[in-house]
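So the structure is just underneath, and the comments pick up after that.
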Amino acid sequence: MRIDLRSDTITQPTPAMREAMARAEVGDDVFGDDPTVARLEAHVSEFLGKEAAVFTPSGTMANQLALRAHTEPGDEILVDANAHIYYYESGAPAALAGVMCRCLPGVRGVFTAADVEAVLRPADQHFAPTKLVCIENTHNRGGGSVWPLQRIHEVAEVSRARGLRLHLDGARLWNAAVATGIPERDYAAHFDSVSVCFSKGLGAPIGSALCGTREFIQRARRFRKMYGGGMRQAGILAAGALHALEHHRARLAEDHANARALAEGLSRLPGIDLDPASVQTNIVLMHVTKLPAATLVGALDQAGVRVLATGPDAIRAVTNLMVSSQQIDAALEIFERILGNIR
Ligand code: TLP
């Protein structure tokens, strides 16, 4: 038995999802002919309270289309130093949009309106024009942390007063909504654009969407084509996403409960530094104090538990659709056995 906690991207489509995908009506989506993609785009934009949406093969592409469509080369964007857009997207802001990233010192990915104000400069030919503020909710490297709605409001207010636009990397916005009871559209209301992923906690095999105004999404569509993301009979994928939204959103609460149980168990083990109260959604970040993270990850892997080293002494475990509460108990026993053997 393998218990895979490396990410919520590892989920496999369920039999019911595969059936929905097999039954999907399709067409050539570059010609605008795919009815299932059209249905997904209409559904997700409506759900988030936006005018329009474009389906993309990945969350990275959805974010990078947003950056490109909001800016011109040489512009500056503001982003938390640990944000996926900056940290994990292969240098795409520089390579594709040609923008400068100004990194903000978020706490678990959450920065303040004062952090934004502190870096803003007057219009002057010496400076790259600042155009966009990016927020990630929930925040991946922040350990699945949830942005308080009030903080988003404050950052948005300061940003708008200075003519900046706002983009939300909502790859795990569903988790924030399920954890807080605040609907996705209430978060989305503060942003000009929102990206969401169907292929993380929701369990679809592939697919994300970028939402915004009709005009903005039309511009993003051109860049999607340019980046090679124009897909043909993509309705098969959109059907998986629609199924995921309908059937797997509410169950994210189970992933959150499993993450809490895992964190509580781990926090009692020698050699693990972890405050269970820090776990707000489905991501558990821990520090390892007695051996290198990579060594522990290797030993766990041998014993059937897969997690990721996210730094020399840091490990991430992400609960997901493929992992039951019994498997969380089993994983804890394996952690305990391995750590008990360390002198
Ligand atoms: N995150 C992946 C890895 O890339 C690190 C993971 O395993 O967590 N925004 C956020 C907040 C993300 O966490 C991710 C993926 C993305 C965007 C990108 O999505 P994809 O992988 O579809 O390009």
Side-chain angles (χ1 to χ4, degrees), residues 4-13 44 54-68 77 79-93 95-97 101 106 108-111 134-147 152 167-177 179 184 187-188 191 193-211 223-224 227-229 231 234 237-238 240-241 244 252 255 259 279-285 297 306-311 314-323:
D4 197 343
L5 297 164
R6 285 172 302 166
S7 183
D8 47 11
T9 59
I10 61 88
T11 52
Q12 304 253 337
V44 73
V54 59
F55 187 48
T56 63
S58 69
T60 300
M61 188 181 286
N63 282 334
Q64 295 304 324
L65 291 181
L67 263 48
R68 183 64 192 87
I77 68 163
V79 62
D80 166 66
N82 278 299
H84 197 278
I85 285 176
Y86 176 73
Y87 197 95
Y88 281 133
E89 297 191 4
S90 315
L96 301 182
C101 287
R108 299 188 67 207
V110 180
F111 50 83
C134 298
I135 282 178
E136 184 176 316
N137 191 24
T138 66
H139 198 286
N140 182 346
R141 284 184 64 81
S145 48
V146 178
W147 268 74
I152 293 176
H167 171 69
L168 173 61
D169 177 350
R172 297 188 180 83
L173 184 61
W174 330 107
N175 296 83
E184 286 85 344
Y187 287 110
F191 296 89
S193 58
V194 181
S195 61
V196 287
C197 291
F198 310 110
S199 63
K200 305 208 162 46
L202 293 186
I206 298 174
S208 295
L210 176 66
C211 305
F223 293 118
R224 183 184 68 166
Y227 292 0
M231 298 181 286
L237 303 178
L252 291 173
D255 294 348
V279 175
Q280 294 176 276
T281 54
N282 68 329
I283 300 181
V284 178
L285 283 189
V297 169
R306 307 189 82 181
V307 291
L308 276 187
T310 53
I315 288 181
R316 181 185 84 159
V318 185
T319 54
N320 63 72
L321 178 59
M322 310 287 289
V323 180

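Read the numbers this way: they start at 1 and go in the same order the structure lists the ligands and their atoms. Quick note: residue numbers are just sequence positions, from 1.
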- Tell me yes or no: between the side chains of His84 and Asn63, is some donor less than 3.5 Å from an acceptor? no
- Query: For ligand 1, which atoms have a heavy atom of Arg316 less than 4.0 angstrom away?
  - Reply: 6 (C), 7 (O), 8 (O)
- Message: Heavy atoms only: which of Asp169, Asn137, Ile283, Leu173 lies closest to atom 9 (N) of ligand 1?
- Response: Asp169
- Query: Would you say ligand 1 has an N or O under 3.5 Å from any N or O of Tyr88?
  - Reply: no
- Task: Quick one: look at Asn63 and ligand 1, take heavy-atom pairs under 4.0 Å, and tell me if it's side chain, backbone, both or neither.
- Result: side chain
- Donor-acceptor under 3.5 Å (Ser90 side chain, Ala92 main chain): no
- Task: Take Asp8 and Arg172 through the test salt bridge (Lys or Arg N to Asp or Glu O under 4.0 Å) and record every step on the way to the result.
- Result: CA-CA 10 Å; Asp8 47 11; Arg172 297 188 180 83; 2.8 Å; yes
- Message: Can you tell me which portion of Arg141 lies within the under-4.0 Å heavy-atom range of ligand 1? Options are side chain, backbone, both, or neither.
- Response: neither
- Atom OH of Tyr86: over 12 foreign heavy atoms under 6.0 Å: no
- Item | Check: Trp147 side chain, Glu136 main-chain N or O, donor-acceptor pair, under 3.5 Å | yes
- Query: Which protein non-hydrogen atom lies closest to atom 22 (O) of ligand 1, naming both residue and atom, and how far is it?
  - Reply: Gly59 N, 2.8 Å
- Could you verify whether a donor N or O on one side chain and an acceptor N or O on the other, from Tyr88 and Arg141, lie under 3.5 Å apart? yes
- To atom 7 (O) of ligand 1, the nearest of Gly207, Ala83, Ser7, Ser58 on a heavy-atom basis is Ser7
- Short version for Thr60: what comes under 4.0 Å of ligand 1, heavy atoms counted, is both
- Message: Using a 4.0 Å heavy-atom cut-off, which part of His139 comes near ligand 1: side chain, backbone, both, or neither?
- Response: neither
- Side chain Arg316, main chain Ala309, donor-acceptor under 3.5 Å: no
- Task: Can you figure out which of Arg172, His84, Glu136, Lys200 has its heavy atom closest to atom 4 (O) of ligand 1?
- Result: His84
- Item | Backbone or side-chain N or O of Arg6 under 3.5 Å from ligand 1 N or O | no
- With distance as the sole test, does Thr281 use its side chain to make a donor-acceptor pair with the main-chain N or O of Asn175 at under 3.5 Å? no
